[in-house]
Amino acid sequence: MESEPLQFEPRDQLLQRQKKLEQIAALGFDPYPHKFEWKQTPAEIIERYGQRTADELKASHVQATFAGRIITIRLHGRAGFAHIQGQGQRLQIYVKLDIVGEKTYQLFQLLDMGDLIGVSGHLFRTKTNELTLWVEQLTLLTKSLLPLPEKWHGLADVELRYRRRYLDLIANEHARQVFLRRAQIIHHIRNFFDARGYLEVETPMMHPILGGATARPFVTHHNAFDVDFYMRIAPELYLKRLVVGGFDRVYEINRNFRNEGVDAIHTPEFTMLEFYEAYSDYRDLMKLTEELFAGIVKSVCGDTKIKYGAREIDFGHFEKLSMRKAIEKFWPAEEERLSDSGGAPLESELNRPDGPGLLAKRYNAYARMKGLDPIAELEKSSAGELTGALFEAVAEEHLIQPTFIYDFPTEISPLSKCRKDDPSVTERFELFIDGMELANGFSELNDPADQERRFRAQVESGGAEMPKEVDWDYIRALAHGMPPTAGEGIGIDRLVMLLTDSHSIREVILFPTLRPQKDADTDAAATAAGETTP
RNA sequence: AGGGGCGUAGCUCAGUGGUAGAGCAGCGGCCUUUUAAGCCGAAGGUCGUGGGUUCGAUCCCCACCGCCCCUACCA
């Protein structure tokens, strides 16, 4: 049985446009020409001639030739208007039967919204003073067989905006702006690190051993080797091998994959900037991070203060708090009253080996009373893990303005160097903005014996998010000697969220991971083609 | 994973226990400076899917599917 090649909905409009396509071909026009010699973009024309008056345009007789997509069309019998969109800018054209001739005017009447055309003519202003191209020549560049989203509301269905991003980008200028800004941000980051003598590198996305972070991985299989690989959860261990190899300053901007939950700030594949700087420590990185963020925000948003939702965030000043101090500072005042404890726990109490355990119990009593989630697995957790849990329970959400949290417990920082004066904490920090973790950096552990102990402890602890075996080659690399080094990771997607006032990570990823959709259109096509459906 | 919300024409959305409506888009007609063009006419629907209650379900109930939001998990 013969089957139609295209089966998409809306069927009637597809057929209608295919019919017009045939009529256009019958008139002798090529509906899919190979190229078009444009002279300007709509943006350039508006930039250059947007201020000229009707009289000035008449006197100078400016010729222009540009291409784009028809996004509105208004036919008036023997003349008509249309708006052409190219590179996000739209420009009106005026097509008149007397000027373009019978045949081209027939072509114009067969055009639809969404068609791509090239036009040539001179600029003028209409009665309503809109800059418009007086079309002398019109060429169809590509016939669009499916209609554009509705012209007033655009494409509002969030799922469709993500699944058919190409339509979102045509219909919603805001979506376009988000991704333009994302590109600017990444461009700025590259300039920043290139200017400081960093080398941009690419390290493997497929890892034989899990490492560099704690997260459940995606597993894939290589047929020829007949081995499983993990999609990387972090590039960290490879980048540090490069520092061992003599690339003293490296950075990588690339994807990480984590097989975890999905929400407004988590998605399975996300973009991470990681960079390493030999002979520096975590203090240097905090300074560098402040400079980097302030520079990006200023160049992209024009000011160090930005609006994020109802809040204003000031990148001109970064707060610094130790993790223990942050717990003290944001300890719920209500708990103090209810427990009659005489005040918030002091940093010094958290310092004691049994301190975090006692405070976690105290917090859990309060949490149960308030219907909040208590800290889980109290008995099984180490003091360091409980400190981290207390921080998350009590402080994290309050860190709205850019804040470095430092002095992370050693138990939750397996790749960081301990502080000389207090081995219970490491030279590690995270940057929080609007309650979100934006960056994580530390002085890198480069003692191979210590690293081996910590890797063995991870393997022994089991768990889906832990490595199954020690990465001996990484230990070997450290044994060859890694200079004192500081390294950091920055979540690019979350940074873009902040600087585009986006409140879901999917808004800043062109094609976010979604559940694959059973496609009604192509199913229909398969059926029409005689395929059997199980 | 738990809680909440949503799913009606291609798009944006109304609506009702008696099987449906608007605007836009599309189609036919008129129109040579319009711009949310306008006017006239015709068409377009398995009301997410599957059960149940009912004389009768798009509406009420249950399950499932999908998306969104919140919570949890994700140092």
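So that the names make sense, note that chain A is the first sequence line, chain B the second, and so on, each numbered from 1. Because the structure is a prediction, the values reported are computed rather than measured.
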Between [options], which one does the side chain of [X] approach most closely?
X	options	result
A/K20	B/A25, B/C27, B/C67	B/C27
A/P147	B/U33, B/A25, B/A75	B/A25
A/T126	B/U34, B/A25, B/C11	B/U34
A/S504	B/C69, B/C31, B/A75	B/C69
A/D112	B/G26, B/C74, B/U32	B/G26
A/H266	B/A25, B/C73, B/C27	B/C73
A/Q13	B/U34, B/U32, B/G26	B/G26

Ignoring hydrogens and angles, are the base of [N] and the side chain of [X] linked by a donor-acceptor pair under 3.5 Å?
X	N	value
A/E437	B/A75	no
A/R78	B/U32	no
A/D263	B/U71	no
A/E130	B/U33	no

Reckon [X] touches a base, only the sugar-phosphate, or nothing at all at heavy-atom distances under 4.0 Å?
X	result
A/Q92	base
A/L75	base
A/F124	base
A/T214	base
A/R506	sugar-phosphate
A/D98	base

For the residue pair [X] and [Y], confirm or rule out a side-chain donor-acceptor distance under 3.5 Å.
X	Y	answer
A/Q92	A/R74	yes
A/T403	A/E319	no
A/D422	A/S424	yes

Open item on the list: Please tell me if A/R216 has a side-chain N or O lying less than 4.0 Å from either OP1 or OP2 of B/C73.
Closed with: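 So the side chain of A/R216 is outside the cut-off, no N or O lying under 4.0 Å from OP1 or OP2 of B/C73.
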
TODO: Ignoring backbone atoms, establish whether A/K19 has a side-chain N or O less than 4.0 Å from OP1 or OP2 of B/C27.
DONE: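 Checking B/C27 against A/K19, no side-chain N or O comes under 4.0 Å of OP1 or OP2.
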
Open item on the list: What is the separation between atom OH on A/Y162 and atom P on B/G66, rounded to the nearest whole Å?
Closed with: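 Distance check: A/Y162 OH to B/G66 P gives 18 Å.
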
TODO: Mind calculating the distance between CG (A/L146) and C1' (B/G26) to the nearest angstrom?
DONE: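 The answer, rounded to whole Å, is 12 Å.
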
Task: SB check A/R161 A/E507 (cutoff 4.0 Å) - done: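 Looking at A/R161 and A/E507, the cut-off is met.
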
Task: Whole-Å C1' distance, B/C74 and B/C13 - done: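 It works out to 38 Å between them.
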
Open item on the list: Using the C1' atom as the point on both nucleotides, what is the distance between B/G7 and B/C11, in whole Å?
Closed with: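 Looking at atom C1' only, B/C11 and B/G7 are 15 Å apart.
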
Open item on the list: For the aromatic rings, using the six-membered ring if either is Trp, is the centroid distance between A/F408 and A/F429 under 6.0 Å?
Closed with: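 Centroid separation for A/F408 and A/F429: 6.0 Å or greater.
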
- [ ] Determine the sole option in A/V425, A/I405, A/L390 for which the side chain to side chain contact (heavy atoms under 4.5 Å, CB included) test with A/M323 is passed.
- [x]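 Passing option: A/I405.
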
- [ ] Scan every strand shown for a Watson-Crick or G-U wobble partner of B/C39, both distances under 3.5 Å, and answer none if you come up empty.
- [x]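 Pairing partner: B/G29.
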
